[in-house]
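For reference, the structure discussed in these notes is given below.
Source: prediction; values computed, not measured.
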Amino acid sequence: MSPVELAVTAAAVLVAVLAAAVTGVVRVVDAVRALSLAEEEVPGADALLWLTERPLATHRAAAVVSILAAVAIGISVPLGDPGAAASALFATVVVGPLLARPLLGRRAERTGLALARPARAVVRAVTRPIDLLDRAEATPDEVPDGEGDEEERSGSDEEDTVLDVGERRMILSILELDETATREIMVPRQDVIAVASDASFAHVVDVALEHGRSRLPVHEPGDPDAMHGVVHARDLLKRMRQEPSVLGGGAEDWADLVREPYLVPDSRRADDLLRDLQAAAVHLALVVDEYGEIVGIVTIEDVLEEIVGEIVDEHDDERPQLEPLATGGWRVDAGMHVADLGAALEVDLPAEEWDTVGGLVLGTLGRLPRVGDRVEVDGLALVVTARRGRRVVEVRVERRAPSEGEDGHASGAAGHTDGGPATALG
């Protein structure tokens, strides 16, 4: 073979090796891992995710490239030297993929990140003509039309992927569990529905029915902060079935049904919390702070809602945490997470300093808020519109135009504001 033929053959084998390596990477590295790398902003991860989400297109493009490499060898090698041509084709079709395996080894992820961007460009270049041919051969009934099908007509970039939007969102939520502390998803102690240990049997049953609770924390008489156990509605129903007259009884008729609580620290990561609750076979846990004080409760449902979104049943209050007002601005539940509010309104709020909107208002004011108090932070004005006891439960949020020379940091405003509902809840 001439030097030119050797160069063409070597180049074709290299192309075949790289094509085989790319397909091997897509088989080894799944879309979930690629999505995790993309979230970590690893160089090349975005292209690797694109490839792993389109395995069929990637494999098809690699096959086309290998065929083109073999054709290039066939053209470059003279017809009078069939042995050389056969050897070169064998090297391209067989030796190339065989060389790709040791190239990958345990470095599939690293190899994929290195090759992902040029491989994505090749896959796009190869699959677009194929897609156009497929559409040209399709019958009129198979050709999409209408505004809603714009993505289907735009080529392989928008083709169906391994992960749809819902799956991608769920996977990202799972990946973020290790960055979420239990205190961010718990129900604060002030919002916990609980019963006193000296309550009558009928009162405990009424509370469970009224609020739709299957488990109720139990606290010491006159001290809601001193929770020491949990009673299950199932146990109460079983006792009522066995002893119908128990409805007229007192605390002594259900005291033995109170179970020892499962305690978790408020700093526990949500992914570890889920494993803890599963291992202990408990649904509800009491959350304690660094001083050992009960600060709230958390359930398996709270963790699952971080993954799949809000789970609403017939007993839940379906009022959204954020809703627009007819007069402008938004009504915001003070228990809404600062990060969620910032994401919804596309504002960079100081989510690391405060967990909830109520905490943001309290921390910015530096004192107990009163109805009508106003704070301004990052282009938003937050006005306290409702309070329960010492807690802010609702605020009105409005966008405000920054005045000249403002730096955008949070500031508290003394006194009260005009307009909007203002309610103090006892």
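- No side-chain heavy atom of Ile297 sits less than 4.5 Å from a side-chain heavy atom of Val230.
- With Arg268 as reference, Asp276 is the one residue of Asp276, Thr180, Thr182 to meet the side-chain hydrogen bond (donor to acceptor under 3.5 Å, both in side chains) rule.
- Taking CG from Leu368 and CG from Leu362, the interatomic distance works out to 6.5 Å, rounded to the nearest 0.5 Å.
- At a threshold of 4.5 Å between non-hydrogen side-chain atoms, the residues Leu48 and Val42 do not count as touching.
- With rounding to the nearest 0.5 Å, the separation of CG in Leu209 from CG in Leu236 is 9.5 Å.
- Put simply, the side chain of Asp191 does not reach to within 4.5 Å of the side chain of Ile193, judged on heavy atoms.
- Across every non-hydrogen atom of Tyr262 and Ala280, the tightest pair is CE1-CB, 3.6 Å.
- Between Met227 and Pro217 the shortest heavy-atom distance is SD-CB, 3.9 Å.
- Taking each heavy atom of Ala194 and His219 in turn, the nearest pair found is CB-CD2, 3.8 Å.
- Here the side chains of Arg117 and Asp46 are in contact, with some heavy-atom distance below 4.5 Å.
- Taking CG from Leu286 and NE2 from His228, the interatomic distance works out to 10.5 Å, rounded to the nearest 0.5 Å.
- Residues Leu349 and Val377 form a side-chain contact, since some pair of their non-hydrogen atoms from C-beta on lies under 4.5 Å apart.
- The two atoms that bring Ala381 and Arg374 nearest to each other are CB-NH2, 3.4 Å, heavy atoms only.
- Ser267 has its side chain within reach of Arg183: a pair of non-hydrogen atoms, C-beta onward, lies under 4.5 Å apart.
- At least one donor-acceptor pair closer than 3.5 Å links the side chain of Asp373 to the backbone N or O of Arg370.
- If you take CG on Leu341 and CG on Leu382, they are separated by 7.0 Å, rounding to the nearest 0.5 Å.
- For residues 224-239, the pairs satisfying salt bridge (charged side-chain N to carboxylate O under 4.0 Å, His left out) are Arg189-Asp225, Asp235-Arg259, Arg239-Asp256, with sequence neighbours left out.
- For the pair Arg399 (side chain) and Leu345 (backbone), a donor-acceptor distance under 3.5 Å is present.
- Using a 4.5 Å cut-off on side-chain heavy atoms (C-beta onward), Val295 and Met186 make contact.
- The side-chain hydrogen bond (donor to acceptor under 3.5 Å, both in side chains) search around Glu184 returns none, not counting sequence neighbours.
- Contact detail for Gly229 and Pro261: the closest heavy-atom pair is CA-CD, 3.8 Å.
- No donor-acceptor pair closer than 3.5 Å links the side chain of Thr364 to the backbone N or O of Val361.
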* To do: Using the side chain to side chain contact (heavy atoms under 4.5 Å, CB included) rule, take Val123 and Arg54 through it: C-alpha gap first, then chi angles, then the decisive distance, then the call.
  => CA-CA 10 Å; Val123 173; Arg54 298 163 175 80; over 6 Å; no
* Ser214 vs His232, side chain to side chain contact (heavy atoms under 4.5 Å, CB included): CA-CA, chis, key distance, verdict -> CA-CA 6 Å; Ser214 59; His232 289 212; over 6 Å; no
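- When side chains are defined from C-beta on, Leu277 does not count as touching His283, because their heavy atoms never get closer than 4.5 Å.
- In terms of heavy-atom proximity, Asp333 sits nearest to Arg331 at N-NH1, 3.8 Å.
- Taking CZ from Arg120 and CG from Leu51, the interatomic distance works out to 7.5 Å, rounded to the nearest 0.5 Å.
- Arg387 places a side-chain N or O within 3.5 Å of a backbone atom of Pro369 that can act as its donor or acceptor partner.
- To the nearest 0.5 Å, the span separating CG on Leu322 from CE on Met336 amounts to 5.0 Å.
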* Between Leu365 and Val375, does a side chain to side chain contact (heavy atoms under 4.5 Å, CB included) hold up when you go through it step by step? -> CA-CA 7 Å; Leu365 280 174; Val375 298; 3.6 Å; yes
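- Around the CG atom of Asp348, the shell of radius 6.0 Å holds no more than 12 heavy atoms that belong to other residues, nucleotides or ligands.
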* With side chain to side chain contact (heavy atoms under 4.5 Å, CB included) as the test, would you mind laying out the steps for Asp302 and Leu273 before giving the verdict? => CA-CA 11 Å; Asp302 293 325; Leu273 171 65; over 6 Å; no
